Novice: 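Encoded as structure tokens, here's the structure I'll be asking about.
These figures come from a predicted structure and were not determined experimentally.
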Amino acid sequence: MANIIEITDFTAPELDVYARLTEAQLLNREEPAKGLFIAESPKVIERALDAGCQPVSLLMERKHIDGQARNVIARCGDIPVYTSEPEILTKLTGFQLTRGVLCAMRRPQLPTVEAVVKDARRIVVLENVMNPTNVGAIFRSAAALGMDAVLLTPGCSNPLYRRAARVSMGTVFQIPWTFIGSTMSHWPEPGMSTLRALGFKTAAMALRTDSIPIDDPALLSQEKLAIILGSEGDGLTNDTIADCDYTVLIPMYHDVDSLNVAAASAVAFWQLRNQQK
């Protein structure tokens with residue numbers, strides 16, 4: 001039976017997770033086992049539940065209890081369901097940006113790189129992609145366009161940040177992912193060596209004079225390929241490009257010299273996808 005709780009005290013510590021804790025505080029690097037994340041919207045929450053994530057509490061407009069959140073509530077057991085009218089909930093920082101339903105969940109333990117890429121033929125590596133919106137959009141494209149897994153360097157935004165998970169439409173809970181090491185010293189080495197040991201050829205997406213076009217047959221013929229995308233401003237580092245087997249570009253027109261990393265990812269994933277799926 002649902003444990004419905006009407007909000008009357010906005011300073012209650014149980015609401016801190018929704019209103020007052022930063023993403024860094026939710027991540028809780030000092031005690032990762034106690035880390036939390038916020039899933040936003042019924043679709044994202046359902047996909048998180050499907051992936052085995054453990055809910056802690058819900059926050060929603062009253063109208064959603066018997067509406068769009070009905071199935072979510074039924075799946076979450078007797079956890080607290082905090083509720084009120086929209087004009088009251090807007091006093092909680094950021095709630096006006098949601099789709100009416102939030103769920104605080106325990107952050108799952110990350111798998112190893114080896115576990116994530118097991119049986120994978122096409123994987124994505126993100127180097128220092130810091131914008132949560134871009135990370136979420138890349139995950140959505142990766143899931144939709146045939147990528148098997150995503151690896152992130154420690155300089156990337158966390159895929160479970162609220163905005164990233166929302167923009168991904170919950171695909172961060174559907175496609176396997178993890179970080180390559182815990183500090184910046186893990187990339188490009190020894191991370192690149194790990195990819196090679198696991199049988200992957202590496203393709204750096206970069207605008208270089210020695211790049212090959214994205215439709216080069218050599219790329220499509222690779223049994224296992226890692227598509228590596230760089231940060232929003234500077235792209236991939238020179239060391240990463242130098243370590244890769246291929247440097248790849250997307251041919252462009254009208255003197256356009258680059259695409260947003262999320263847009264470029266969609267083009268690359270479609271062209272380089274595992275066509276045997």
Novice: Decide if atom CG of D66 counts as having more than 12 heavy atoms of other residues, nucleotides or ligands within a radius under 6.0 Å.
Specialist: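 For D66, atom CG is not crowded (no more than 12 foreign heavy atoms under 6.0 Å).
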Novice: Any side-chain heavy atom of L126 within less than 4.5 Å of one from I138?
Specialist: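 SC-SC contact between L126 and I138 confirmed.
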Novice: Using 0.5 Å steps for rounding, measure from the CG atom of L36 to the SG atom of C103.
Specialist: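 It is 10.5 Å, given to the nearest 0.5 Å.
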Novice: Main chain of C156, side chain of N128: is a donor-acceptor contact present, judged purely on distance under 3.5 Å?
Specialist: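 Flag not set: sc N128 to bb C156 has no pair under 3.5 Å.
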Novice: To the nearest 0.5 Å, what is the distance between SG on C76 and CG on L58?
Specialist: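 It comes to 4.5 Å.
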Novice: Just verifying a value: how many Å separate S182 OG and L110 CG, rounded to the nearest 0.5 Å?
Specialist: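 Answer rounded to 0.5 Å: 11.0 Å.
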Novice: Using the side-chain hydrogen bond (donor to acceptor under 3.5 Å, both in side chains) criterion, which residues pair with T183? Sequence neighbours excluded.
Specialist: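 In terms of side-chain hydrogen bond (donor to acceptor under 3.5 Å, both in side chains), with neighbours along the sequence ignored, T183 is linked to S185, H186.
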Novice: Start with the C-alpha gap between F173 and F139, add the side-chain angles, then the distance that decides, and say whether ring pair (Phe, Tyr, Trp, His ring centres under 6.0 Å) holds.
Specialist: CA-CA 10 Å; F173 306 109; F139 265 85; 9.6 Å; no
Novice: Begin with the C-alpha distance, continue with both residues' side-chain angles, and end with the deciding distance and a verdict on side chain to side chain contact (heavy atoms under 4.5 Å, CB included) for V17 and I38.
Specialist: CA-CA 8 Å; V17 64; I38 303 297; 3.6 Å; yes
Novice: Among Ile, Leu, Val, Met, Phe, Trp and Tyr joined by side-chain contacts under 4.5 Å, find the other residues sharing a cluster with L27 and list them by chain and number.
Specialist: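 Reading the cluster by chain and number, L27 sits alongside Y161.
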Novice: Let me check something: any side-chain donor-acceptor pairs from residues 245-256 under 3.5 Å, sequence neighbours excluded? List them with distances.
Specialist:
from : atom 1 : to   : atom 2 : distance (Å)
D245 : OD2    : T202 : N      : 2.8
D245 : OD2    : T202 : OG1    : 3.1
Y246 : OH     : Q222 : NE2    : 2.8

Novice: Looking only at heavy atoms, what is the nearest atom pair of P111 and A115, with distance?
Specialist: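 Shortest heavy-atom contact: CB-CB, 4.3 Å.
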Novice: Decide whether S211 and R208 meet the rule of one side-chain donor and one side-chain acceptor closer than 3.5 Å.
Specialist: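 There is no such pair between these side chains.
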Novice: Looking only at the side chains, is there a donor atom on one of N134 and E232 sitting less than 3.5 Å from an acceptor on the other?
Specialist: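 Per modelled atom types, N134 and E232 side chains form a pair under 3.5 Å.
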Novice: Let me see the working for M105 and Q54 under side chain to side chain contact (heavy atoms under 4.5 Å, CB included), right down to the final yes or no.
Specialist: CA-CA 5 Å; M105 296 182 139; Q54 181 182 351; over 6 Å; no
Novice: Measuring from T240:OG1 to E127:CD, what's the distance to the nearest 0.5 Å?
Specialist: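 Taking OG1 in T240 and CD in E127, the distance rounds to 3.5 Å.
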Novice: Could you pull out all residues at least two apart from T194 that satisfy side-chain hydrogen bond (donor to acceptor under 3.5 Å, both in side chains)?
Specialist: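 Counting only residues at least two positions away or on another chain, T194 forms no side-chain hydrogen bond (donor to acceptor under 3.5 Å, both in side chains).
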Novice: Kindly indicate, with the supporting measurements, whether the criterion side chain to side chain contact (heavy atoms under 4.5 Å, CB included) is fulfilled by V56 and R106.
Specialist: CA-CA 7 Å; V56 174; R106 300 204 181 280; 3.7 Å; yes
Novice: Start with the C-alpha gap between W177 and L160, add the side-chain angles, then the distance that decides, and say whether side chain to side chain contact (heavy atoms under 4.5 Å, CB included) holds.
Specialist: CA-CA 11 Å; W177 64 270; L160 294 187; 3.8 Å; yes
Novice: Clusters formed by hydrophobic residues whose side-chain heavy atoms approach within less than 4.5 Å: which one holds I228, and what are its other members?
Specialist: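 Noted: I228 shares its cluster with V113, V116, V117, I123, V125, L151, I180, W187, M192, L195, L198, F200, L236, I241.
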Novice: OH/Y82 to CD/E14 distance, rounded to the nearest 0.5 angstrom?
Specialist: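 It comes to 4.0 Å.
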Novice: Between S157 (side chain) and N131 (backbone), is there a donor-acceptor pair under 3.5 Å?
Specialist: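 Such a contact is absent between S157 side chain and N131 backbone.
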Novice: Counting C-beta onward and ignoring hydrogens, is there a side-chain heavy-atom pair between V129 and S231 closer than 4.5 Å?
Specialist: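 With C-beta onward as the side chain, the pair stays apart.
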Novice: Count I, L, V, M, F, W, Y as connected when their side-chain heavy atoms are under 4.5 Å apart, and connections chain through other members. Are I7 and L21 then in the same cluster?
Specialist: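 Looking at the clustering, L21 is in the same group as I7.
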Novice: To the nearest 0.5 Å, how far apart are CD in E223 and CZ in R121?
Specialist: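 Reported to 0.5 Å precision, the distance equals 4.0 Å.
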Novice: Using side chain to side chain contact (heavy atoms under 4.5 Å, CB included) as the criterion, list what pairs up with R75, not counting sequence neighbours.
Specialist: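 Result, side chain to side chain contact (heavy atoms under 4.5 Å, CB included) vs R75: E46, L49, D50, N71.
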Novice: State plainly whether one hydrophobic cluster holds both V101 and I4, where clusters connect Ile, Leu, Val, Met, Phe, Trp and Tyr through side-chain heavy atoms under 4.5 angstrom apart.
Specialist: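 In one cluster: yes.
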